[in-house]
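Keep in mind that what you see is a predicted model, and the values were worked out from it rather than measured.
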Amino acid sequence: MDVPIELGPCSNGEYDPVPLSPVAREAQRRVRADCDGHARRTNLSRRRFLRSLCGAATTLLAINACSEESTRQHARRKPGGTYAVPPTAAVDPDAARAALAGDEFVFDVQGHFLDYSGAPAPQPGRDFWTGFPQQQCGEADPRVCFSLDHFMEEVFLRSDTSMVVLSALPIAPAGSPLSPAAMDHARRVAAAACHDDRVLLHAQALPNFGDLQANLDAMTMAVEQYPIASWKVFTNFPDLYDGSGNAWRLDDSDPTLARVGDAFIRHAVDLGVPTIAAHKGLSTTLGYSSPHATPADVGPAARAHPDVRFLVYHSGFEADVTEGPYDAAAAQGVDRLVRSMQEAGIGPNQNVYAELGTTWWSLLARPEEAAHLLGKLLTHVGADNVLWGTDAVFYGSPQGQIQAFRAFQISEQFQEEFGYPALTDEIKRKVLGLNALRLHDVDPVTVPCAFTRADLEQLRLALPARVERRGPRTRRELLSFVARERAQLGV
């Protein structure tokens, strides 16, 4: 662990990492220096101090100082966003606890782990782990840092997270390090360890990748086999990797793309799972920027399907876009989502939801932009429809992100000038967990779960073996399998 709260640069695998801003670089430099001195003052080893609340407070204080200096220099005013952390919190555990600790229910709707225990995964799954800071966890094989054991420890033991949704990756199911079977195995391990249902599952749907009917049949089989809470889609897959143009839209409005959106959504409703989580934003991967991760299709799809709930992963955020006041004409980043909703007549707290995975992490050291982004989402998507997500375990424990969000405030000047709401305790509780409970229609898990690595190992041995479907077992499955294979081979 280099600093108490990781600031980057790195990626969640779905976009190219963006270099740190000058403010973030200076904050990182100050944090390293300050932590050495503060560790001595508090009689802690540097390692223990980095994991402490005082370490997190030291990071946020450094970001505050650097952001204020930069904003005063360029805009001659205070920043629009800041962390409400007193200076004493850097060395006083009680002050740090008052600023950063909390009892909110935390429900993370975007979690991932990577299972490399089987046969080598094909590209891009094989190297998916290489862009994440979690690889520095100390294991001899860095891929082990992304294992289920580490996921459980970082999320449930080292953070205040009580529930999590496991969500699919932009990788074809065959050979994926986060396959449906692996996710369901994780759900069962967590249920055995904690005696509750704190892990929910998203099922991947790739309606444009191969034969449409085969993909719809795969959705049916997923619902029959697993307790699916929602569908995870990437409208820019596989175009995000190969620039092939093979992509789709939720509203089927582009005749040059696969017309699969309406069929997919109608089938999701028919299967009784009318919640769709769509990756939107974070468009640039391996140097290629796919235009098909735009959230422009969200509003029209939500208007056409009022019985469906659309969860916009990353909220349309782009790592290389500067978030400012809403500008419908420019329509970059999150503004694209807002404009799409407005043009379709979708108001706040209706059937569009915004998620903060990677988005909030990316803006930790950019508090002025963070204030604009959160302010826009709370105003236009609605305080009841903004959901907490972290992309754990890719950035390590999500605890630093939780602590930063607890302390974050939107300035009174920004509230008056742009109409943003104050970040009250009530709004933070909604975002951190209550909104996700309502969306998924589940009861909260509020009892902490304690376990050891040995406990997890014993549970894996005691549970029935995880069985991957190696081949079709019925005629319908055979037809679907053949159609998919032929489509992937271009036959």
Side-chain angles (χ1 to χ4, degrees), residues 12-14 104-115 146 148 150-152 154-156 159-171 176-191 193-194 196-205 219 222-223 225-234 268 271-280 308-315 352-361 385-395 397-398 401-402 405 430-446 449:
N12 74 342
E14 298 167 349
E104 307 93 342
F105 171 74
V106 180
F107 187 170
D108 191 331
V109 299
Q110 187 171 185
H112 315 278
F113 68 95
L114 302 175
D115 180 9
F146 301 93
L148 174 58
H150 277 283
F151 175 85
M152 293 279 291
E154 299 290 353
V155 171
F156 294 128
S159 90
D160 294 332
T161 305
S162 293
M163 297 180 71
V164 68
V165 174
L166 287 174
S167 189
L169 304 173
I171 301 173
S176 171
L178 190 55
S179 67
M183 287 196 288
D184 189 61
H185 178 69
R187 178 189 65 83
R188 292 186 292 122
V189 167
C194 305
D196 53 44
D197 296 320
R198 67 181 57 218
V199 174
L200 278 63
L201 305 182
H202 280 182
Q204 184 185 56
M219 291 172 63
V223 169
Q225 191 171 5
Y226 306 116
I228 302 303
S230 177
W231 305 101
K232 176 66 177 294
V233 298
F234 297 85
L271 291 173
V273 187
T275 303
I276 295 168
H279 171 103
K280 293 295 180 180
V308 177
R309 297 166 292 192
F310 294 88
L311 174 55
V312 183
Y313 265 30
H314 317 297
S315 302
V352 172
Y353 300 74
E355 185 268 349
L356 296 174
T358 289
T359 301
W360 171 246
W361 179 87
N385 284 29
V386 179
L387 272 62
W388 182 250
T390 67
D391 259 321
V393 67
F394 294 156
Y395 305 120
S397 169
Q401 297 187 54
I402 295 170
F405 187 76
K430 286 182 177 182
V431 172
L432 284 170
L434 300 182
N435 291 344
L437 282 178
R438 180 171 46 84
L439 174 66
H440 291 92
D441 193 24
V442 292
D443 294 325
V445 172
T446 57
C449 180

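- Residues I402 and E104 have side chains not in contact (no heavy-atom distance under 4.5 Å, counting atoms from C-beta outward).
- In this structure, H279 has its ring center under 6.0 Å from that of F234.
- Under the 3.5 Å distance criterion, the side-chain polar atoms of R309 are matched with a main-chain donor or acceptor of L439.
- Closest non-hydrogen pair, V393 versus H150, comes out as CG2-O, 4.3 Å.
- Closest heavy-atom contact between H202 and Y313: CE1-OH, 3.1 Å.
- Applying the side-chain contact (heavy atoms from CB on, under 4.5 Å) test between D108 and each of V164, L387, L356 identifies V164 as the sole match.
- Between the CG atom of D184 and the CD atom of Q225 there is a distance of 7.5 Å, given to the nearest 0.5 Å.
- Here the shortest heavy-atom pairing between V165 and L201 reads CG1-C, 4.5 Å.
- F146 places none of its side-chain heavy atoms less than 4.5 Å from the side chain of H112.
- Ring geometry, F156 versus F151: the interplanar angle exceeds 60°, so the pair is classed perpendicular (tilted spans 30 to 60°).
- With sequence neighbours excluded, no residue satisfies salt bridge (charged side-chain N to carboxylate O under 4.0 Å, His left out) with D197.
- Panel note: side chain W360, backbone Q401; a donor-acceptor pair is recorded below 3.5 Å.
- Atoms NZ and CG, from K232 and L166 in turn, are 11.0 Å apart once rounded to the nearest 0.5 Å.
- With hydrogens and angles ignored, the 3.5 Å screen pairs a side-chain donor or acceptor of S230 with a backbone N or O of T275.
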Evaluate the criterion side chain to side chain donor-acceptor pair (under 3.5 Å) for residue pair Y395 and T358; output intermediate values, then yes/no. CA-CA 9 Å; Y395 305 120; T358 289; 2.9 Å; yes
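- Contact check for D115 versus H185: no side-chain heavy atoms found under the 4.5 Å cut-off.
- Considering only heavy atoms from C-beta on, V273 stays 4.5 Å or farther from M219 through its side chain.
- Here T446 contributes atom OG1 and R198 contributes atom CZ; the two are 9.0 Å apart, rounded to the nearest 0.5 Å.
- Within the 4.5 Å cutoff, side-chain heavy atoms of N385 are placed close to those of R438.
- Between W231 and V223 the shortest side-chain heavy-atom distance falls below 4.5 Å.
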Would you please test V189 and V199 for side chain to side chain contact (heavy atoms under 4.5 Å, CB included) and show each step? CA-CA 9 Å; V189 167; V199 174; over 6 Å; no
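- Among F107, F405, Y353, the single residue meeting the ring pair (Phe, Tyr, Trp, His ring centres under 6.0 Å) criterion with W388 is F405.
- Pairing each heavy atom of E154 with each of P398, the nearest pair is O-CD, 3.6 Å.
- The heavy-atom pair separating Q204 from A168 by the smallest distance is CB-CB, 3.5 Å.
- The backbone N or O of V312 lies less than 3.5 Å from no partner atom in the side chain of E355, so there is not a single donor-acceptor pair.
- Between F105 and S162, the closest heavy-atom pair is CE1-CB, 3.8 Å.
- How far NE2 of H314 is from OG1 of T359: 6.5 Å, rounded to the nearest 0.5 Å.
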